[in-house]
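One structure below.
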Amino acid sequence: MNDAATPARYDFASAEPRWQHAWEDARCFSVPDVPYGSRPKYYVLEMFPYPSGKIHMGHVRNYTLGDVVARYKRARGFQVLHPMGWDAFGLPAENAARERGVHPAAWTYQNIDTMRAELKRMGLSLEWEREFATCDPSYYGQQQKLFLDFLRAGLVERKESAVNWDPVDHTVLANEQVIDGRGWRSGALVEKKRLSQWFLSITRFAPELLEALDGLDRWPERVKLMQANWIGRSEGARVRFALTEPVAGMEQVEVFTTRPDTLFGMSFLAVAADHPLATAAAGRSPEVAAFITEVRSLGTSEAAIEQAEKRGIDTGLRVAHPFIEGASYPVWIANFVLMEYGTGAIFGCPSGDQRDLDFARKYGLPVPPVILPPGEDPATFAIGDTAYTEDGTLYNSGFLDGLGTAEGKRAAIAALEKIGAGTGVVNWRLRDWGVSRQRYWGCPIPVIHCEACGVVPVPDDQLPVTLPEDVDFSKPGNPLDHHPVWKHVGCPQCGKPAQRETDTFDTFVDSSWYFARFTAPKAGTPLVPAAVNGWLPVDQYIGGIEHAILHLLYSRFFTRALHSMGYVGVAEPFAGLFTQGMVQHASYKARDGRWLAPDEVEVAADGSATDKASGLPVTVSRNDKMSKSKRNTIDPGAIIDQYGADTARWFILSDNPPDRDMEWTAAGVAGASRFSQRLWRLVNGAAATLPPPGTEPAEGAARDLRRATHRTIAAVTEALESFAFNVAVARIHEFANAIEAAGEADGAARREALEAAARLISPMMPHLAEELWSLLRPGAGLVAGLPWLESDAELAKADSVTLAVQVLGKLRSTIEVPVGADEATVFAAAEAEENVQRAIAGRPIRKRIHVPGRIVNFVV
RNA sequence: GCGGACGUGGCGAAACGGUAGACGCAGCAGACUUAAAAUCUGCUUCCCCUCGGGGAGUGCGGGUUCGAAACCCGCCGUCCGCACCA
C-alpha cells in the first residue's frame, strides 16, 4: 500500500534511537569530575526520582525542563554537569515485600532498570556514568561516614522525646511528615510515643538558614516565604514566674511571650498538658489527672479538627507576678497550649490575645485592659469579645504606663533582666530533625550500643554497615530488630557483647547530599574537595513545589553543616531553583461511580463525554491531578511509542508556562506531532535544492526572511534564558510560518532559515534537530556539539516600522514610517491620516507624543 | 485566623506603561480527494453598521498617566502554604 502516493513522513521511531546512540558514542554529555580550562561550569539538576516502578508525566515534565536548560547551556559554551540517580530507600519497597514477598532490593533495582530504560527513550542529555542509587552500599556507606563526622562535630544528639508514631506504618514520623495530624504516607491518625531517637541539630543553623534566604535571588519568592515561616523566628522574652509554693521540686515556671509589654494585663498562667507542672499537679488531684488523659486522647489532630473549643482546668497552684508585689495568679492546664512551642507555658493576657480572652470568658477569669488603642479614652474603653492585639499606649501598667508597644517591650525586658526574672530571647518554630526510623529499607545508623561504653560509633574500617539480605517481613515492626544475628556484635571499645542500632535513617537524609555526591560518585570518601567545590552550587535545580520545605530545607542544612566541617566551600547548595507545576488530566466518572480511563470515553467537541461501552454520558472533571484511583494517568511510554519523545517534550513545553499546572490533552499532543512533521517536511522538501552553505547579499523577500531568522534567534534565546519555554515554542511556530510564507525566496536565505530552525529547536526536540541538520548538512556532525546561534543585530533590524496613531489614547490608525524618521515627518504622516483627522474633528492639537518605534498620540 | 500568589476569547496563553488576544487547541468555511485520512487556504473577543467604520472590552469600583492587563487604593473570587506559634 505504501507507494509514491503516500507522502513522506518523519520516522521518529527509527531516528530517535539512532541519535541517542550517536550522542552516546560521541560522549556528548560527559564532563570531568573537576571542571577544567576556561569554560565556565554549569550544574543542572532535576530532583531525582523515587523508583516506584514506572515514570509518570510529572517526571517527563521535570526532566524535559532540565534537559532544555542543560542542552541550551552546553550550546552556550558551559561545561554542563547533568547527572541522574535514584532516591531508592523508602517504605514502598518494604510494603511490596510484605504484600508480594519480593525482596525490597530486588523490587527496587528492577524498578530502576525499567525506569532507566524509559528515561533513556526520552533522549535526555544525561551523563549516565554518574548514576547511583541511594540504596547502593557505595552510597549509603559514605553517608554513614558523614553521619559519624556529624557526631564528632557535635551536630547529632540522642534524645528521649515524644515522637509522632504512625500506628499503621509502625514508624516514627518527622513533624514535617505529619499533615493535619495524619501520617503523610499512611494517612493514619498519628499518636504520641516516647522513644530514644537520633536528632540532627538543624536548630543550631536556624538563624543562618533564615538570613541566607535573602541571598537566594534565583529562588521563587513563595518558596523562600514558606521556608521563613517554617523556621518561624519570633522575638520576645522568657519570663520566670515563681510558684507560691514549690511542687515536686519545681519552684518556678518559665513562659515564652512576644508581648512582655502586656505583663500587667496578666490574668492566669497556663501550661500544656504534657508540661512537668501539669504532671506534678496530676499527682495531687484525680480531676487534673483525668483532664490530662482526656486532652491526650483527643490528641493534636482532634484539637485541630474541632479548633475553637478551648478547655482547661485550674491546678490550684499559684504564681507570683514578677512586677507586682504580692499579686498571684492561678496556674491552669489548657488544651490550646502546646508543649512543642516556646516553653510549653504561657501567661494569659486576655485583653491582648484572642485565645486568652476566649479562655478567660469561658472560665470567668478577669480581663484587665492594658493597651489603649489610639484615639480611645481610658475611662470608656472596654474589651468585649474581641481582644485588642494591635499597637497602642500602655496603661494600668505601673512603670510601663504611657509607653508605646515597642518601647514597652524594651522596657519590660530591661526590667525583667534587672530583677533576674527573665530575658529577651528569639524563639524558633523549627525543631531539631529526628532522623531515626524503625525500618529495614534505609541506611543503617552506624552506631553500637554497649552496656559498659554507651553509644560507640562503628569504626571506619567496619564501614559500611550493610543491610542483611535474609530478612523476615512476616512480623510487624522492624525486621532489623528481630533479625536473629545481625544486631549482635562485639563492642568496638571493650569487646563485650553489644547491640547494633537497628534504626535506619529517614530517607530525607539520603537526598540531602546526593547533589554533592554526583560530582565524584565513585570516590572512596563521601566527597572529593576539588570535585564538589568545582561544581557546587547547583546552578539550576528543578523540581516540584511539594519539596519547598522538607527536602530543600534539609539540603540547605546539610550543606551548611558540611561547610562548617570543611567538606564543601559553599554554604548554599542551590543557587537557582525552579518549581514546576503539576501535569493534570481530565477525569471521567460514569453514572454508577466508576472511573473511566481516557481511552474508554468518547469526548465531544464541546468537552462533554460518553462511555464508549454503554453510550451513557459521563461526568467530566477538568484539571484533576493524575492519579491511579481516578484512572486519568497517561503512560509516557505509550506516548513515546505513538508520537516519539520529541513530540511529548514539545507538547509539554508548549502548553503553558512551566511553573503552572498543565493539562495533558490528546489534541495538544497531536498538535505537537503535526508541527514536528511539518518542520521535517519543510526541510526534507527543500534540502536537495538548496545552494551550498554560504551567504550572499539579500534583497526583497530574501532580506525579509533573513530578518525573521535573526529576530527569531534573538527571541528564542531570550525566552530560553527566562524559562519562558512556551514563548520559545510560539516564536518557532511563527518562524515556521514565516519560512513557508517566504515561498521560493532566495536559496541562501532559505538555507540559513532552515538551519536556524533546526538548531533553535535542539534544546526542545533534540532528535528532530539532528535529523534536520543531517538533511541540511550531511556529514557535518551533531547539533549537540554546535555552539548556540548568535543573532546578527544588523540583519534583525527593520527598514520601516508600523506606528500606532492614537487620538486621546484611542487607536485611530497605523502608519508605516522608515526607521529613524524624524519626529516632524512622523507627526505629519500621522496627522495626514483620514481617520485621525476625523477623530481630531477640527480641534487644536494641544500635545503631540511620539515614542519612536511604538506610538504617536495626539491630545486635543 | 495569619501569610502569599493569581483572575485576559470557547480553552491553554502572549503582551519593556505604548496597536490587547501573538502562538497553539477547539470551531466554521473552502481547496485537494470517488471518499476518508493527511495536507493546504481563509475566518474566528463581544455588540452595532450604510462594509468606510463605530462602540465596548483584560474579575468589580475608584485613582495616577497623553496612554494602564501591567502602577496605587478598596472590594469580590479562586488556589496554595502555615495554623490554638503564645
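To find a chain, count down the sequence lines: A is the first, B the second, and so on, and within it residues start at 1.
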Base, sugar-phosphate, or nothing: which does A:T802 touch, judged by heavy atoms less than 4.0 Å apart? base
Once you apply a heavy-atom cut-off of 4.0 Å, does A:T258 come out as touching a base, just sugar-phosphate, or nothing? sugar-phosphate
Whole-Å distance, A:E718 CD to B:A15 P, equals 9 Å
Considering only the C1' atoms, how many Å lie between B:G54 and B:U50, rounded to the nearest integer? 12 Å
Rounding to an integer number of Å, can you tell me how far A:E663 CD sits from B:C25 C1'? 11 Å
Tell me the interatomic distance from A:D655, atom CG, to B:A26, atom P, rounded to whole angstroms. 12 Å
So, OP1 or OP2 of B:G24: does either fall under 4.0 Å of a side-chain N or O from A:N737? yes
Spacing between A:I346 atom CD1 and B:C85 atom P, to the nearest angstrom: 10 Å
Please classify the nucleic acid contact of A:R731 as base, sugar-phosphate, or nothing, using heavy-atom distances under 4.0 Å. base
Among the nucleotides B:G18, B:C85, B:A13, which one has an atom lying closest to any side-chain atom of A:Y341? B:C85
Look at A:N726 and B:A14 and indicate whether a side-chain polar atom (N or O) is within less than 4.0 Å of OP1 or OP2. yes
B:U39 versus B:G52 - spacing of their C1' atoms, nearest Å: 37 Å
If you pin A:D661 and A:M339 to their nearest nucleotides in RNA chain B, which one's is more 5'? A:D661
Does B:C85 have OP1 or OP2 sitting under 4.0 Å from an N or O in the side chain of A:R355? yes
Heavy-atom closest contact (A:I413 atom, A:P260 atom, distance): CG1-CG, 3.9 Å
Whole angstrom is fine here: how far is it from CD1 in A:I761 over to P in B:C23? 19 Å
5'-most contact on RNA chain B (nearest-nucleotide basis), A:L803 vs A:R660, goes to A:R660
Of A:Y643, A:Y10, A:W680, A:W650, which is the lone residue that meets ring-ring contact (aromatic ring centres under 6.0 Å, His included) with A:F675? A:W650
Can a salt bridge be assigned to the pair A:E718 and A:R731 using a cut-off of 4.0 Å between side-chain N and carboxylate O? no
So does A:R812 get a side-chain nitrogen or oxygen closer than 4.0 Å to the phosphate oxygens (OP1/OP2) of B:G55? yes
Is the A:F578-A:W219 ring centre distance short of 6.0 angstrom? no
Please state whether the rings of A:H321 and A:F323 are parallel, tilted or perpendicular, taking 30° and 60° as the class boundaries. tilted
Quick one: classify the glycosidic conformation of B:G62 as syn or anti, with syn meaning within 90° of 0. anti
Should B:G57 be called syn or anti, with syn set as within 90° of 0? anti
For A:R854 and B:C16, is the shortest distance between a side-chain N/O and OP1 or OP2 below 4.0 Å? no
Please report the distance separating the C1' of B:U58 from the corresponding atom of B:A68, rounded so that it comes out in whole Å. 11 Å
Indicate whether any N or O donor in one side chain lies under 3.5 Å from an N or O acceptor in the other, for A:Y341 and A:S234. yes
Please determine if A:D358 and A:R355 form a salt bridge, counting it only when a charged side-chain N lies under 4.0 Å from a carboxylate O. no
Rounding to an integer number of Å, can you tell me how far A:F735 CZ sits from B:C23 P? 15 Å
Check the interface with nucleotides 66-71 of chain B: list each N/O to N/O pair with the protein under 3.5 Å, or write none.
| from | atom 1 | to | atom 2 | distance (Å) |
| --- | --- | --- | --- | --- |
| B:C66 | O2' | A:N857 | ND2 | 3.2 |
| B:C66 | O2 | A:N857 | ND2 | 2.6 |

Here the distance between atom C1' of B:G24 and atom CG of A:L679, to the nearest Å, is 14 Å
Sugar-phosphate only, base, or nothing, as touched by A:R678 at under 4.0 Å among non-hydrogen atoms: sugar-phosphate
A:R311 with A:E294: basic N within carboxylate O range, under 4.0 Å: yes
For atom P, what is the distance between B:C72 and B:C6, given to the nearest Å? 11 Å
What's the gap between B:U44 and B:G77 when it is taken at their C1' atoms, as a whole Å value? 29 Å
Please report the distance separating the P of B:G9 from the corresponding atom of B:A14, rounded so that it comes out in whole Å. 13 Å
Is A:R429 near enough to B:G3 that one of its side-chain N or O atoms lies under 4.0 angstrom from OP1 or OP2? no
Look at A:R311 and B:C84 and indicate whether a side-chain polar atom (N or O) is within less than 4.0 Å of OP1 or OP2. no
Its dot-bracket string being built from Watson-Crick and G-U pairs below 3.5 Å, with | for another strand and [ ] for crossing, RNA chain B has the pattern (((((((..(((.....[....))).(((((.......))))).((((....))))..(((((..]....))))))))))))....
Would you confirm whether A:D356, through its side chain, and A:C349, through its main-chain N or O, come within 3.5 Å as a donor-acceptor pair? yes
The side chain of A:R681 is closest to which nucleotide in this list: B:C40, B:G24, B:G53? B:C40
Give a yes or no on whether the backbone of A:N726 and the side-chain of A:S654 come within a donor-acceptor separation of less than 3.5 Å. no
Pair A:R678 + A:E740, salt bridge at N-O below 4.0 Å: yes
Which value, in whole Å, describes the distance between the P atoms of nucleotides B:A15 and B:C23? 14 Å
Please check the phosphate of B:A13 (OP1 and OP2 only) for any side-chain N or O of A:N656 closer than 4.0 Å. yes
Euclidean distance, atom CD of residue A:E235 to atom P of B:A86 [Å, nearest integer]: 12 Å
So, A:S676 and A:D646: side-chain donor and acceptor under 3.5 Å apart, yes or no? no
The side chain of A:I855 is closest to which nucleotide in this list: B:G53, B:A86, B:G18? B:G18
P gap between B:A5 and B:C71, integer Å: 11 Å
Is there a salt bridge (Lys or Arg N to Asp or Glu O under 4.0 Å) between A:R848 and A:E823 once you walk through the steps? CA-CA 10 Å; A:R848 293 172 168 83; A:E823 208 154 69; over 6 Å; no
To the side chain of A:N229, which of B:A38, B:G3, B:A14 is closest? B:G3
Which nucleotide in the list B:U39, B:A14, B:G54 gets nearest to the side chain of A:V727? B:A14
Contact class for A:V337 vs. all strands (heavy atom < 4.0 Å): base, sugar-phosphate, or nothing? base
